[in-house]
2 protein chains.
Amino acid sequence: MVYPCLMAVDRDHVLRTAAALLTRKSTATMDEVAKAAGISRATLHRQFAGRDALVRALEALGIAECEAALDLARPDEGPATDAVRRLVRAIEPSAGLLAFLYTENQLFEGEEQNAGWTRIDDRIAALFRRGQAAGEFRIDLTPAWLTEALYGLLASGAWAVAEGRMAPKDFTHMIVELLLGGALRREEP
Amino acid sequence: MVYPCLMAVDRDHVLRTAAALLTRKSTATMDEVAKAAGISRATLHRQFAGRDALVRALEALGIAECEAALDLARPDEGPATDAVRRLVRAIEPSAGLLAFLYTENQLFEGEEQNAGWTRIDDRIAALFRRGQAAGEFRIDLTPAWLTEALYGLLASGAWAVAEGRMAPKDFTHMIVELLLGGALRREEP
DNA sequence: ACCATATGAGACAGCAATGTCTCACGAGAA
DNA sequence: TTCTCGTGAGACATTGCTGTCTCATATGGT
């Protein structure tokens, strides 16, 4: 019997290595990506038709991880505040990849973006909208902007951690507290 | 009499055009930059030795505009809350350029970054620290993170406006309210 | 042992952008 | 007019990355 393709595991490894590298250096060469993954450029090119295909695959990975994080966070259950905290916590391992894709997406200006992002945007925006409807969140900040801001804060946090300006363990707390509570000190109750 | 160089005004025009273009398309060619500025590639090359020099000049411009915005915002006067609002308002016209440089800075990973950014970081962090000392801001979010988050929100806001997902007039309000107040609805006093 | 398949190494051409050059044109000063 | 200087247009070589190819090797199943 022939097992024609056990590249699946390798493919995932390459993808994650590439994600880690491109997060740090978004202009890394195919050669650098290959070296980082411990394979030759030829093999890299066999698995991903070209740099474009690699980025697309990373995009698909990012989308899948976001969806998985959303599923894990149960955004429809309990207080929206807690759901947001669960979401950030679940999405933390993917934050670096997300930060890369967030800036890379600026390149896709002409073309239509992957429908997966729309789905994710909608699910996150729905969470914020639910929080507004429940009276937890203020209504003068639109769900779309809160979603956008969440992406921005995730990217900022990922970079801050990557460059050693923030301790990894503070990631979730810093993002959630700023996003939800803001910088202002609350009045004592 | 000979007037050897009235390129100063042109240089500024080219710089601002390049900033506007690179904000939208960060991989724009020297040729595209030149065409956008209404000059030939040769002239562009005469004013900026190369693409690197152009980006450096844009960085200097961004630093100068940030410093000017900080001066204008008087970060040491009055409540820190108001100072932050003044700062965001003053920095709004430069937000696009800032967003470009914010992502471009990820490229300078190896080299030391321009000292100007350190100065600006320090001034903004000092503002947040002052707010903390005055009891306006909570102390569990570090000034460094608040500074980083401000950059991230400025970039997110600039992109949201550029892509039509946010009205330009909402820019300052959305950023300041989220940064200071957060998404949570405040208890009625 | 034998065969199949994936891999690594490297050669190769193509391409896009860069940086440098020359030259002709035109506006402005003398 | 005449001279000068900045400019635009384009040619040119160079560079770095890409994508494709071949071939030798190693690994793993039969």
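Proteins get letters first, then strands, A, B, ... in listed order; numbering begins at 1 in each. Heavy atoms only: backbone and side chains are in, while hydrogens, waters and symmetry mates are out. As the structure is a prediction and not an experimental result, all values here were calculated from the model.
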| query | Could you state the CZ-P distance from B:R41 to C:dA17, rounded to the nearest angstrom? | reply | 10 Å
| task | Report which part of the nucleic acid A:R51 touches: base, sugar-phosphate, or nothing (heavy-atom distance under 4.0 Å, all strands). | result | sugar-phosphate
| query | For B:K25 and C:dA16, what is the distance between atoms NZ and P respectively, to the nearest whole Å? | reply | 13 Å
| message | Rounded to whole Å, please give me the gap between CZ in A:R46 and C1' in D:dT20. | response | 11 Å
| field | Atom pair distance, as rounded to whole Å: CG in A:L44 and P in C:dG10 | value | 17 Å
| said: Is it the case that atom CZ in A:R89 sees more than 12 heavy atoms from other parts of the structure closer than 6.0 Å? | reply: no
| request: Check every atom of C:dA9, C:dC21, D:dT18 against the side chain of B:A42 and return the nucleotide holding the closest atom. | output: C:dC21
| Does A:T29 reach the main-chain N or O of A:E32 with its side chain, forming a donor-acceptor pair under 3.5 Å? | no
| Given atom NZ of A:K35 and atom C1' of C:dG10, what is their separation to the nearest angstrom? | 11 Å
| query | Hey, does the side chain of B:T29 come within less than 4.0 Å of C:dA17's phosphate (OP1/OP2), counting only N and O? | reply | yes
| request: Consider only side-chain N and O atoms of B:W117 and B:E59, and report whether a donor and an acceptor are under 3.5 Å apart. | output: yes
| task | Would you kindly give the NE2-to-P distance between B:H45 and D:dC12, to the nearest whole Å? | result | 18 Å
| said: Please determine whether a side-chain nitrogen or oxygen atom of B:T43 lies at a distance below 4.0 Å from atom OP1 or OP2 of D:dT7. | reply: no
| note | Taken to the nearest whole Å, CG/A:D52 to P/D:dC17 is 18 Å
| message | Is the ring pair A:Y151/A:Y102 parallel, tilted or perpendicular, if the boundaries are 30 and 60 degrees? | response | tilted
| query | Expressed in angstrom and rounded to an integer, what is the separation of A:I39 atom CD1 from C:dA9 atom P? | reply | 11 Å
| task | With DNA chain D as reference, determine whether A:E32 or A:A49 sits nearer its 5' end, using the nearest nucleotide of each. | result | A:E32
